Structure formats: C-alpha cells, structure tokens
Amino acid sequence: MKANIGEYDAIWFGGGAAGRFGAAFHKALGGKALIVEEHHLGGECHVCRCAFENFFSDQASMAELMRVYSGKSWYPKIDLSNISAAKAAELYRKVGQRAFADTMKHQTEKQLGIEVAWGEGKIIDKNTVEVNGKIYRGKNLVIGTGSRPTMPDIPGINLPGVMTYKDHPEMRSDPKRMVIIGGGKIGIGKAAMFAPFNIEVTVLEKYTCLPKWDRDIRNFIFRDFKRRGIKIYEGIDVKEIKGKGKVESVVAQFNGETMEFPCDAVMVSVGLTPNSEPAIPLGVKIGKGNEIIVDEGCRTNVPGIYAVGDAAGPPYFMAIARKRGMIAAKNIAGEDAKMDYSFVPDHIYLPPLEATCVGLTESEAREKYGDVVLIQVPWGPKPKDPKPEEYYPGFENQGLPVCGRMHTLNLLFYGQNRNGLVKAIVDPKSRKYVGFHSVGDGAKTAFQYLSYLLKIGWTVDQMANLHEIFLNAEHFIQLSRLVAGQKELKGFAAQVYLDDDF
Ligand code: COM
C-alpha cells in the first residue's frame, strides 16, 4: 500500500512557465497547490529557450557589432577568426543553466512556498498522481507538459549534426556551414545568431519566411541577411539529409530542380508539437496538431482536468503559457476567467537587433480600414551603395536614429539603415492605432504595454499626452505628437509601399 500524501486543490503536472505561474497564482488565491516536476522548474526557458536565447543572441550581437565596427572610426581592428559559438554555449551551460535553475527553485519553493513533488510523475487517474512511489491526490489536474520540436519525416533526420533549438546549448564544436530547415521566427532568429560566429548559414523554407510579419520588417530582415551573407530560399522542399555517420549535406527540390547544400550542421525549426501524450489515457480530446483541446478557460472536455502552456497548442509564447496557468488557477478557484488572445505581441531575435510587432500589418490594416496613416522612420529612398562613415546629403529621412545600443550603427552606417525602423499604423477616422512594428534594440519593453494600449483603443491624441524619455527605443510618443494636432489626420510618412530593395 503506497502512502497517500495529502489532498490538493490542484496538481500542476509540469513545472514549466504555465505550471509554475499557475501554481503560484492558485496558491495566492488561497488554494492548495502541488507542482509535479521531474527536471527543473521554469521548463525549457532557462535550459534552451527564452533565457538561453537572450544570452546567446547577446553574444551574437557582440560578435556582429565587433565585426561591423572593426577598424571603423576609433574602433581597433578586431581579429574575429577565433570566436566560438560553442564556447558561448559552454558558458551558458556552466553558469546560466545552473544559476537560473537555482533561482526558479528558490523563488518557487522558498519565496512563494509552493510544494513541489520532485521526480517523474505518473498520472494514475484524474485525481491521482504517483511520484517516486508516493501517491498525491488532487481535486483538479492541470497538464502543463510543454511542447517539443516537430521533426520532419525525411531520411537522415537522426544523423549526428542535426539539431533543434533544444540542442543548441549542447553544441560542443563550431560548424562551418549550417543549413536551417524552416524560416519561421525560430529559424530566422537562429540564422541571425549563428552567422556572427563565422558560420555560413543557409535558410530553407518550404513556403514563405515570416509570413505574418509586416512587409517593411521582412524587407529589412532580408536586406540585412543579404548584406551579412545569410542565404534564404523560399518555396524549397527539403527531401533528405545526407551523410556518412554525420551530416554532410541537405538535398532539396527547388523550382523543379534538385539542389544539394553541403553543411556540417543542420538546425530543424519547422514548428512545435505539444506534449499531450500523458493526458491521452484520461480521455481528453486531442486536436490535429497533437494539442490538448481546451476552452477559453483552459478546461478540457473532462471535468476537473485543465491544460495550460504549449500542451494546449498555439500561440506558443511565454506570456500565453503563463497566462493560461493564471486563468486555470482562477477557474479552479471558482471564477469564470477566460483567455484573451487579442493583440499578442511577437518577437524575433535578430542580433544585433530584434524585431517586435503587435496588431495589424500595413496590408491587413489597409484591407480593413482603407487609407491608413503611417507614423514611420526612417522612410524614403536610400542612397545607392552607401559607404560606412559617410554622410549623404539629400536623404533627410534616413537620419532619425532608432535607439537602444544602435546610435553607433546609425551613424557609422548612415544611409545603409542598419539601425532598424519603427512603424505605427493608425486608422485616421477613429485616430486609433491598429498596429505597431519595430526593428531595433530595446523596443520590446514598450511593446508589452503597447499591446494593452491597442486593446483599449489608444489614439494618437492620447499618445501625444504621454511623457517620453527622449531618446527612446521606439519613438512612438514624440512621432505621434508631431501629427496629432491635425484635425484631419494625415500620414507622417508614405501612403504607398516602397519597392522592395533587397
Ligand atoms: C522562466 C520560466 S526562466 S518561468 O516562466 O518563470 O517559469
């Protein structure tokens, strides 16, 4: 007979972002919460995702900035022949993974006083979980088992040298040539992270890279990638990964022809698959993408069973995972809380920059509102083949710096627009913003709040009343004030698309 370890209001099966935040919220509401976790609290975040990618993209930013600044202005020539992505990963493994795991444990168990059953959990039924031979009973069960990279079913997918975001911190040597399969935000971000480390990167995307992003942002990225030698193929169908004992090339069909891309590493980033398997024996409904189907309150079809985080399917985003935990906690506590998926921002690492967006793209906005107003810098024609450290008269619109750490980029490469862009889209009739977009550095903080302002129908007039701390990373307050005085709102920038120029 196994010991029965008490009765909980909810057992949070998985202590990742969703389970950890859910259990914390649940406890704060007065509930008795137990997290069951085998490895570490905080899920993949500090192992290989948000915390790791923040660190690694910062390393990549350093490398890229050293490269572009080397020998220019007062910067010395910098020898980058020995830089190493593997060394950067090693530092994270040695310090980051452990330090963040400690922090998560300390915060959860010590500071928040949440009980954790450490070990591999076995779900016996919807009210019973076994961990290390001990039985835990819960009135509710919350599944927060996360997701895993989707692996295409192609020959060679298991060859050594094929990795996913999960293996990125584990890299022990520096590849010379890498093929990235999948040009979504993970693939594009990884391309921008690896290229600064002297790795020749090629991205192969079956359909379109970043299809949901605003065209100006996509153009900026593609132009930047071209300058950096990162190759992108869209509409290419990967058929096979070849190699004797380890990866040697990727074979794909492109425009009816077979192409072979020699490489010594492959990063697969074609999507995520929810880890719904532990919930299947409980009779919960599973969707086509392997996700646990939930209602807006994170309830499954089985009363008393909830699913949160990536296990409940897209959008795969840290804030959504954590908020699903919070919503489930509220409902377990007797509220009727619902998830709100409107105006969820999105973000891509593009070291040394980053891209962030929320709301409608320009083309979506034009479709919905007609002639929208753009508040955008820089905007306008660029000088042809501009050289670093030179001023180009007659391109007035290029000079307004997008900020963060990019002042130097802006001035060393004036005319090349390497520093990014900002773009707010406004419906002139209601004077409300409908979308915000940025490539830059440091703007993502503002987007956390901008997403809420979009939701409440924020207008240019309200924005004009805020207090900017000039210079700032996204410029929206001061740029909006420049046009907000107009009775009939006219654009700050163009009302038509510029030609693609990459
Ligand atoms: C972040 C993980 S490292 S969590 O969302 O705080 O649990």
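Atoms within each ligand, like the ligands themselves, are counted from 1 in listed order. Bear in mind that the values here come from a model prediction, so they are computed numbers and not experimental data.
Near F21, meaning under 4.0 Å from one of its heavy atoms, ligand 1 places the atoms 4 (S), 5 (O), 6 (O). Listed by atom number, the atoms of ligand 1 under 4.0 Å from R20 heavy atoms are 4 (S), 6 (O), 7 (O). Applying the 4.0 Å criterion to heavy atoms of A17 picks out, from ligand 1, the atoms 4 (S), 5 (O), 7 (O). Each of the following atoms of ligand 1 lies closer than 4.0 Å to a heavy atom of G42: 2 (C), 7 (O).
Residues H40 and M104 are not in side-chain contact: their nearest non-hydrogen atoms beyond the backbone lie 4.5 Å or more apart.
Aromatic rings from F436 and F476 are positioned such that their centres are separated by under 6.0 Å. Aromatic ring centres of F225 and F220 lie farther apart than the 6.0 Å criterion allows.
Screening L141, I35, L34 for a side-chain contact (heavy atoms from CB on, under 4.5 Å) with W12, the sole residue that qualifies is I35.
In this structure, the protein non-hydrogen atom closest to atom 4 (S) of ligand 1 is R322 NH2, 3.4 Å. Looking only at protein heavy atoms, the nearest one to atom 1 (C) of ligand 1 is C45 SG, 3.2 Å.
The closest approach between M318 and ligand 1 falls below 4.0 Å for a heavy atom of the residue.
If you check the side chains of N140 and Y8, you find no donor sitting under 3.5 Å from an acceptor.
Heavy atoms from other residues, nucleotides or ligands lying under 6.0 Å from CG of D125 number more than 12.
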